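Everything below concerns the one structure shown next.
For ligands, and for the atoms within them, numbers begin at 1 and follow the listed sequence. The structure presented is a predicted model; accordingly, all values stated were derived computationally and were not measured.
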Amino acid sequence: MKFFLDTADIKEIREAQETGLLDGITTNPSHVAKSGRNFIELVKEICELVPGPVSAEVTAEGKDEMLRQGRFLADLAPNVVVKVPLTQEGIKAVKVFSEEGIKTNVTLCFSSVQALLAAKVGATYISPFVGRVDDIGSEGMKTIFEIRKIYDNYGFTTQILTASTRSALHIQQAALAGSDVSTMPMALFKKLVNNPLTDIGLKLFDTDWNKIPEEYRTY
Ligand code: E4P
């Protein structure tokens, strides 16, 4: 499963890149607002920094303006993926983008039926939000299992990009469901490596190692 970072923060992107685990970036208007940067300059900088796919979201509501914005974004760098909301107009725009060879990430997906629509119009990625569904007392991850089944039933190549992840459990469940990608905030990305038993085990090894006479453990 690929790991994308859900951020528009250059510092976080550089830090995640050093781990060798980073496969791509997803941004959204909220992340861009938080960065305080010019949107286009920011997208260009991220695309130069990260060789993998970089999602940049259109903000128009109508198909024609979505197409204009998406084509503009796609022209910025070869690794731009145009992020489009899962609306009627968005679906129409994705159909055109697919015919033009422009990669898309259909976002704000909350059901497997919506994901089916995105696949039918040739979306590159579908982004079901799991955390926001959990937040309102439903089971977000169920949708990921359903989409995997539906896509496999019909041989759709749209990649499942599990989004709105909040915990290591979400990442584990996404991998078990066969999600192609998980995008996550930096705080979660950093937490994935942690396990208290690793820390306890390391401390014990260190203690035992220091019991060995120094001349026997110098190399
Ligand atoms: C994904 O592309 C979205 O930007 C993101 O995962 C949303 O996450 P949130 O629900 O934590 O805002």
Side-chain angles (χ1 to χ4, degrees), residues 1-13 16 21-37 39 42-43 46-47 49-50 52-61 66 69-70 73-74 77 79-87 90-91 93-94 97 102-112 114-115 117-119 123-144 147 158-175 177 179-192:
M1 184 171 71
K2 287 180 184 149
F3 281 7
F4 288 2
L5 201 63
D6 192 38
T7 188
D9 184 319
I10 298 290
K11 206 169 142 257
E12 287 185 350
I13 294 170
L21 291 165
L22 185 66
D23 298 301
I25 302 292
T26 50
T27 67
N28 64 33
S30 307
H31 293 321
V32 177
K34 201 172 152 199
S35 78
R37 299 264 319 263
F39 176 45
L42 187 60
V43 171
I46 298 173
C47 287
L49 211 57
V50 179
V54 175
S55 289
E57 190 159 342
V58 298
T59 50
E61 288 179 15
M66 279 183 188
Q69 292 182 350
L73 293 171
N79 51 338
V80 165
V81 175
V82 178
K83 207 171 177 190
V84 180
L86 211 160
T87 59
I91 289 293
V94 171
F97 286 137
I102 291 175
K103 292 195 177 69
T104 51
N105 173 0
V106 179
T107 189
L108 290 167
C109 169
F110 292 93
S111 78
S112 51
Q114 286 182 310
L117 304 185
T124 315
Y125 298 95
I126 181 70
S127 285
F129 283 29
V130 294
R132 292 191 195 186
V133 174
D134 288 2
D135 289 348
I136 60 158
S138 280
E139 202 190 327
M141 200 51 72
K142 198 169 150 265
T143 309
I144 306 299
I147 299 171
T158 299
Q159 294 183 54
I160 304 170
L161 196 170
T162 301
S164 185
T165 54
R166 309 250 193 274
S167 64
L169 184 63
H170 277 154
I171 305 304
Q172 181 218 46
Q173 293 288 302
S179 182
D180 300 283
V181 188
S182 274
T183 192
M184 63 200 89
M186 188 62 184
L188 176 54
F189 187 89
K190 280 184 178 171
K191 271 186 202 162
L192 294 182

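- Taking every heavy atom of both residues into account, T104 and T124 meet most closely at N-OG1, 2.9 Å.
- Looking only at protein heavy atoms, the nearest one to atom 11 (O) of ligand 1 is R166 NH1, 2.7 Å.
- Residue R132 approaches ligand 1 through these ligand atoms, each under 4.0 Å from one of its heavy atoms: 7 (C), 9 (P), 10 (O), 12 (O).
- Contact between L5 and E12 at its shortest, heavy atoms only, is CD2-O, 3.8 Å.
- For the side chain to side chain contact (heavy atoms under 4.5 Å, CB included) test with I46, the passing option among V80, T7, V54, N79 is V54; the others fail.
- Protein heavy atom nearest atom 5 (C) of ligand 1, with residue, atom name and distance: D6 OD2, 2.8 Å.
- Close approach of ligand 1 to A163 (heavy-atom distance below 4.0 Å) involves ligand atoms 1 (C), 6 (O).
- Of all non-hydrogen atoms in A115 and L86, the two that sit nearest each other are N-CD1, 4.4 Å.
- Across all their heavy atoms, T158 and A119 have their closest contact at OG1-CA, 3.4 Å.
- Near K83, the atoms of ligand 1 lying under 4.0 angstrom from a non-hydrogen atom of the residue are 1 (C), 2 (O), 3 (C), 4 (O).
- Using a non-hydrogen distance threshold of 4.0 Å, M184 does not register as a contact of ligand 1.
- Considering all non-hydrogen atoms of both residues, S127 and A163 come closest at CB-CB, 4.2 Å.
- For atom 6 (O) of ligand 1, the closest non-hydrogen atom of the protein is S164 N, 2.7 Å.
- Distances below 4.0 Å separate heavy atoms of N28 from the following atoms of ligand 1: 3 (C), 4 (O).
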